[in-house]
Structure formats: C-alpha cells, structure tokens
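Each remark here refers to the structure printed beneath this line.
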Amino acid sequence: MWSVALWLFPLLCRFSLAAPPHKPENISCIYYYRHNFTCTWSPKKEANDTWYTVKRNYHQNKSDICTSKNRASCSFFHPRVTYPDVYIIEVEAQNKDGISKSDTTVWTLDNIVKIEPLKIYDVNPILGVKQMVQIKWRRPVLAPVSATLNYTLRFRTVNSTKWLEVNFTSKDNDFDQTFDLTGLQPFTEYVLALRCAANTSNFWSDWSQEKTGTTEEQAPNRLDLWGILGPAKANGTRPVHLLWKEAKGAPVWGKPVGYNIWYFPENNTNLTETRNTTHQQLTLHLGNKVYWVSVISYNSMGKSPKSTLRIPASHETSFQCIEAMQAWLTQDQLVVEWQSSAPKVNTWIVEWVPDLDSEPTTFSWELVSHDRIWTAKQDKLKPFLCYNISVYPMLDKQVGEPYSIQAYIKEGVPLKGPMTKAENIDVKTVTITWEETPKSERRGFINNYTIFYRAKNGDEVSKTVNASILQYDLEALTRNTPYTVYVMANTNAGGAKGNEINFKTLSISIIEVFLISCLVGGGLLIFIILMVIYGLKKPNKLKHHCWPVIPNPAESSIAMWRGDGSKNKLALKEAQLDSVTNTDVDKILKLQYELSDELMVNSERLLVDVCIEESLKHQKNIEGEKNEYVTSPYMLSSSPRKSLLEVPTSAEIPPRKAESLSEGTPPATCSDTKEQLLASGQSLTPAHLCEETAPNPYLKNSVTTREFLTSGKLADQTERED
C-alpha cells in the first residue's frame, strides 16, 4: 500500500504543476506602408518558455505564419505584404504543457496604414503680407499615391509652451506641398510641426521635426519711458538718466533700428534739442527748470508712437498718495502690493535695485497700469540678494513721491557671522560689541543676534537681542574667571556663527581701587590736618619731635669729663701765660701742645674705662651677682685694659691713691673746695684743682659709678712730664 502511494506521488505532483500558456488577447495590427505588417498582443507573464505563431490568411486563400519566442509581437515584411488587402489573423501560444489559441481578427490595410513622418524644409514670411508665414514640406515617399492625405499643423511662440493646431486636407499629389498660416503676431518667432495620415486610416504619422519662423515686422510699438534724476551740480545743471523699453504686454511689431529723443523747457519749444542713439538709455544734463522729454523708435517699416515724460524742477515738491506697501513670497515669485489715497492715479512705475554697500550701476523698472499689485518672478530677481523696491505714482505725466520697501526673493544663512570684541571688562560685567554684517553677506533679513558665552569649565549661556542692537552688557559674571564669547546672526533660514573671543574678568574693580585710594588718601589728609593743628598749638614740641637737636662735636666738653684736675691745670697755665713776656712764646706754645696731648690721653682713658666697666658688668650678670660694682683704683693697669687698647708699658700711668668714702657722708664737690680756699685767703694751686663730675649725655645710661683722677696725681704727672 505504501509502496504504491510512493510511486504515484511524483506523478500526481507532475500533473498538478502543469500550466499551459495563457490565451493571447488584445491583438492589434498596424501596416507601416511599404515596410512591414506588425501585430502585437498582451499575454500574461509566462512561467515557462513560450513560442508564439501568428497565422495570416489573405487574398485568394493564401496563408503564412510568423513565429516568435517569448515576445508578444511578430512582423511580416515587405514584399510579402500586399496592399490593399484584408488579413485574417490568429495567434497561437505553445509550451511544453499545452497550446492556447486566440480569437480570429480581421484587418483592412487601408484602415491601419501608417505613413512615415514628413519633413518641413522652409518657414518664411511673405513680403507685404503681415501676420503670416508660409510652410513648405515634401510629400512622404512611403505614402499611398492615390490616397488623400490629412494634415495637422501645430504652432506656438518661442516663449510659450501652449500649442495651437490647424487641420487641413491636401488632394494634391505633388511632391512639394505648401500651407499659409495667418492670424499671427507681427515680428514674432514661432515653432511649427506637421503630421499626416491617409484619408481612411486611423493612424497618424509621427510629428515632423520642429521648425521655427518669424513673421514680417511692422513699425515698432509704443515705448515705456522712465527717468532717474541725479543731484544738481555746481554749474546749476542736473544729470537725468533716461531709460526706455518696449511696453509690458504689448506685442513687439518690429526690431528698432534706432531711437530719436528730443527735449525742451516747459512752455518754450523754441529751445528744443534732439539726440539720436541706438541704445535704450541716454544721460541728459538739464537745467533747474521743468523739462519735457519725448522718445520714439523707428525701423524700416516706420516709427513708433511718441512716449513723453515730464522732468520736474529742482525746487518742485512732488505729490504723495501711497499710504502703505507690503511684500510677500508665493512659491517662486515676489508679490508687492500698495494702497493709494488718490483714485485718479492708475499708472505706477515700479523700480528695484540691489541694496549694496556701493552705488548701484543698473536700475530695473517696470510700468504698471490699472493695478496696484506687481509680481516679480525668479528670473527678474536674484536669490539671497536684498532689493530696494520703490513705487512712483504718475498722474498726467507728472511723477509723484515714491514709497520704498526692502524684500528678498529667497533668503539664506549669512555667509559669515559678526566680528566680536570685548570692552569695558570689569569684575562682574563686560560689554560685548560686534560689527554689522555687510549687506552683500547677509543673504536675508537679520532678525536678531544671539550672544553665547560660557565660563571656563562652565555651561554655555545665550542672550538674544534685536537686530538694531550692536552691543550687549553681560552681567553677573564671576570675578577673576576666563570666559569665551561669540555672536550669531540669525535670518529666517538660520544663523551664522561669528569669531570666538576670550577674556578674563578683573580681580578688583576700578571703583574698588578708587574707594581704597580715597580712604587712604582721606586718612592721610586727616592726619596731616591734625598734625598741622597740633603744630600750631605746640610748635616747640612738634619741632623737638620732628627735628631733634644734634650736638656739635666742635663744642663738645668730652675733655672735661675726667674731672676738674685737667681743667684747673689748664686754667693755671693760662694764668701763667698772662704774666709771661714775649720772650717766652716758645714755652707757651710747647705748653699748649702738651695740654692738648694730655686732653687726648685723658679722653682715651675715659673710653677705655667705660668699655672695661661695661665688660665687667656683663660678666657679673652672667655669674648671677648683683648688678652693682665699684671701680677699682688699679683698673687702668689691669690686663683687661691692656687687652682692649694694648697700651705700651713705657706709657703706663702710675696707679692713683684710693679715696676713702665714709658711708652716709657725701663727698665734697669741687665748687665747695674752691669756696673754702678762697674764704681762708689761700691761693689756688694745681694741687687744689678738681674736676666737676658733669654727666656725659652719651655715656650716662651705661655707667653707674666713676672714679676720677685726683688733682694731686694730675699735678704730679704734669710736673713729671715737664
């Protein structure tokens, strides 16, 4: 059982997958005259290879076939095609799984004949006949000779895309054929094409190649005239730049050969002057008065009507009637609309020039009549370029005051961002300034500026300002912190980033420095004022503090600090000098010299005593003893003195006798001793001299007790030196 099933399964699958070809349908046949007879059909896409056979039965029971593989068309070629005749067509499709046949169709060759495209070889106007061109072509070679041909002529102007058609029939079997096309515009170039078909056929030939032709010109049409006034010169003349062109919408009837211009002051035609040019512009230099200017164009067919413009006087005030104006974009064109308060004004001049940093070199303009809307396509305006659009009202050839706006036909992102600078940097504020983007680089209206700034390692912050603002003060910044700033210029299409700048806020502001300076300066001023007041009240005390008295060394009494012995000796010798005669001058000089030497020696000994006493005092303080001492009478000959001054032994001074002082009894002063001697009637001798113990202002703080040389010792020493 299972073996039989396995044997029958491949066979059943084979029968289930068998698919005969589809039946050919929609059979269509066409006869290309004297070339071939072709039939086509529309079968579905076949899964397997399919062979098609076209069976043709025709005159006197003749038949033949045409075969093709996997292609839904087949052709019978000349001369196997007989004309005129009737063909019976049947299409058979066959593959390995079966055969399918189409329905039988009948075709009359007169109804399906198609003639080859013809060729136009000439399109020209006829002299003296206006608004017409004559088309010439040759009859197709592969066309039935006895058949009447139908023609279709289509034409359009060069600048148009809309075709117009004209149908006509030609029974003429001549080789060259002509047709006159009338009702055209003068001096207009047209594009033409032609096709034909047999009178009984349902198939038209293909269109011929397009051919162009121009109608005969006429006298030029009227011109639109416009003038641009320049500033008056020193000699009183004004430059007037005249512009003219063919009127908008008016047909161009001929090509101008030249232009005639004449002008004259108002109400004085005797001063008329004329100019001739081949260009569509001319500059005149007129006076300050009102002038009238007229222009005509001419060619071989005649002259155009006159166009006139009134040039106002330099001091004349123009009328104004335009109240408002607006512009907007619609798809690929710019629309400008305005409102007027003068209903009588129905003629306007629309002028547009690029808004550049330099003076415009070209002016574009257009006259608008019976309307208050002007539309400009992209071919009139350049994208990303700003235009100044002005509308001038015109009433009886008189030009009024214009109304102007700015507009773009298309906006884009600015080419560059603004150049940025940082000014007035403070501890928490800074002024960011930037330059306005040049007009040629804006590519759109600058709506606003955005300032982006961030501190080092901080988040970015932005501020947006109006387009009229070119600086902004950043506040609430951090003291002594680096910042990065840039400005972006924004249009409707996007924004452009400017250059980045870096700055650092101050650690201390100018105001703070000023306040500190004011406080310090104010304090000094107050101090000076107080010192002046104090000096005025107590001038001597202020002088003592500011300018202390410095002792004069020449007036010093350091030689008398060792006691009155040397002083008494000096006084005694001076008394003796008074009684000396002139013969003892040498002795006196020698005595003065010895006194000076003795004064110097005593001064040196005094300094040595002071140094030794200070050294002993320092030593006793180290040993912990009391800070009280009495100078030894033999201290001058001790070793510390020699170690300090290294006095030679030959010059040593003998030790003096110690004086006994009783406790509680003050020693007698030098002045008391002098008074006692004088009272007893005794004379003062060198032995009675004593030195006054006047304190030394320079050494009084370092010496507590000092013992002076006795007057007797001083006298003995003096006698020994003598």
When you check the gap from the basic side-chain N to the acidic O, do Glu90 and Lys55 get nearer than 4.0 Å? no
Given 3.5 Å as the limit, does a donor-acceptor pair link the side chain of Tyr190 with the main chain of Gln185, or not? yes
Tell me if the NE2 atom of His241 is crowded by more than 12 foreign heavy atoms within 6.0 Å. yes
Quick one: does Asp103's side chain get under 4.5 Å of Lys23's, heavy atoms only? yes
Expected output: side-chain Arg443 to main-chain Val413 donor-acceptor under 3.5 Å: yes
Gamma sulfurs of Cys39 and Cys66 within less than 2.5 Å: no
If only atom types and distance count, is the side chain of Thr50 paired as donor or acceptor with the main-chain N or O of Pro21 below 3.5 Å? no
Are any side-chain N or O atoms of Tyr298 and backbone N or O atoms of Ala219, one a donor and one an acceptor, separated by less than 3.5 Å? no
Looking just at side-chain N and O atoms, do Asn26 and Ser42 make a donor-acceptor pair shorter than 3.5 Å? yes
Does any N or O in the side chain of Asn299 come within less than 3.5 Å of the main-chain N or O of Gly302, such that one atom is a donor and the other an acceptor? yes
Pair Asp355-Gln406, side-chain donor/acceptor within less than 3.5 Å: yes
When the ring planes of Tyr33 and Tyr83 are compared, do they come out parallel, tilted or perpendicular, using 30° and 60° as the limits? perpendicular
Does a donor on one side chain sit under 3.5 Å from an acceptor on the other, for Asn95 and Asp49? no
Is it true that a side-chain atom of Thr375 and a backbone atom of Val335 form a donor plus acceptor pair closer than 3.5 Å? no
Can you tell me which residue pairs pass the side chain to side chain donor-acceptor pair (under 3.5 Å) test with a partner in residues 336-351, sequence neighbours excluded? Trp226-Glu351
Please say whether the positively charged group of Arg56, taken as NZ for Lys or CZ for Arg, lies over the ring of Phe76, i.e. under 6.0 angstrom from the six-membered ring centre and within 45 degrees of the axis. yes
Could you please spell out the steps behind the ring pair (Phe, Tyr, Trp, His ring centres under 6.0 Å) verdict for Trp352 and Trp374? CA-CA 11 Å; Trp352 65 95; Trp374 175 74; 4.7 Å; yes
If you count every heavy atom of other residues, nucleotides or ligands that lies below 6.0 Å from Lys410 atom NZ, does the total exceed 12? no
Find out whether Val86 and Tyr58 are in side-chain contact, i.e. whether some heavy atom of one side chain is under 4.5 Å from a heavy atom of the other. no
Between the OG1 atom in Thr53 and the NZ atom in Lys101, the distance rounded to the nearest 0.5 Å is 10.0 Å
Tell me yes or no: between the side chains of Ser73 and Thr40, is some donor less than 3.5 Å from an acceptor? no
Verify the neighbour count for atom CZ of Arg372: are there more than 12 heavy atoms of other residues, nucleotides or ligands below 6.0 Å? yes
Determine yes or no for a side-chain-to-main-chain donor-acceptor pair under 3.5 angstrom, with Thr108 supplying the side chain and Asp110 the backbone. no
Can Lys380 and Glu366 be counted as an ion pair, charged N to O under 4.0 angstrom? yes
Do Trp328 and Thr330 have side-chain atoms, one donor and one acceptor, less than 3.5 Å apart? no
For the residue pair Ser404 and Asn388, confirm or rule out a side-chain donor-acceptor distance under 3.5 Å. no
Trp137 six-ring centre to Lys211 NZ/CZ under 6.0 Å and within 45° of normal: no
Working for side-chain hydrogen bond (donor to acceptor under 3.5 Å, both in side chains), residues Thr152 and Asn167: CA-CA 4 Å; Thr152 298; Asn167 297 319; 2.7 Å; yes
Check the side chains of Tyr151 and Ser205 for a donor-acceptor pair under 3.5 angstrom, ignoring hydrogens and angles. no
Within a radius of less than 6.0 Å around CG of Asp332, do more than 12 heavy atoms belonging to other residues, nucleotides or ligands occur? yes
Is the backbone of Leu194 close enough, under 3.5 Å, to the side chain of Ser208 for a donor and an acceptor to pair up by distance? yes
Of the options Val191, Leu181, Leu192, which is the one that meets Val123 in a side chain to side chain contact (heavy atoms under 4.5 Å, CB included)? Leu192
Are more than 12 heavy atoms from other residues, nucleotides or ligands located less than 6.0 Å from atom OH of Tyr32? no
Ring-face cation of Arg138 near Tyr121 (centre distance under 6.0 Å, axis angle within 45°): yes
Step through the shown structure and confirm whether more than 12 heavy atoms of other residues, nucleotides or ligands are within 6.0 Å of NZ on Lys439. yes
With distance as the sole test, does Thr38 use its side chain to make a donor-acceptor pair with the main-chain N or O of Ser75 at under 3.5 Å? no
Cationic N near anionic O, under 4.0 Å, Asp64 to Arg80: yes
Looking at Lys245 and Asp224, does any basic side-chain N land under 4.0 Å from a carboxylate oxygen? no
Would you kindly say whether Thr157 and Thr188 are connected by a side-chain donor-acceptor distance under 3.5 Å? no
More than 12 heavy atoms from other groups under 6.0 Å of CD on Gln209: no
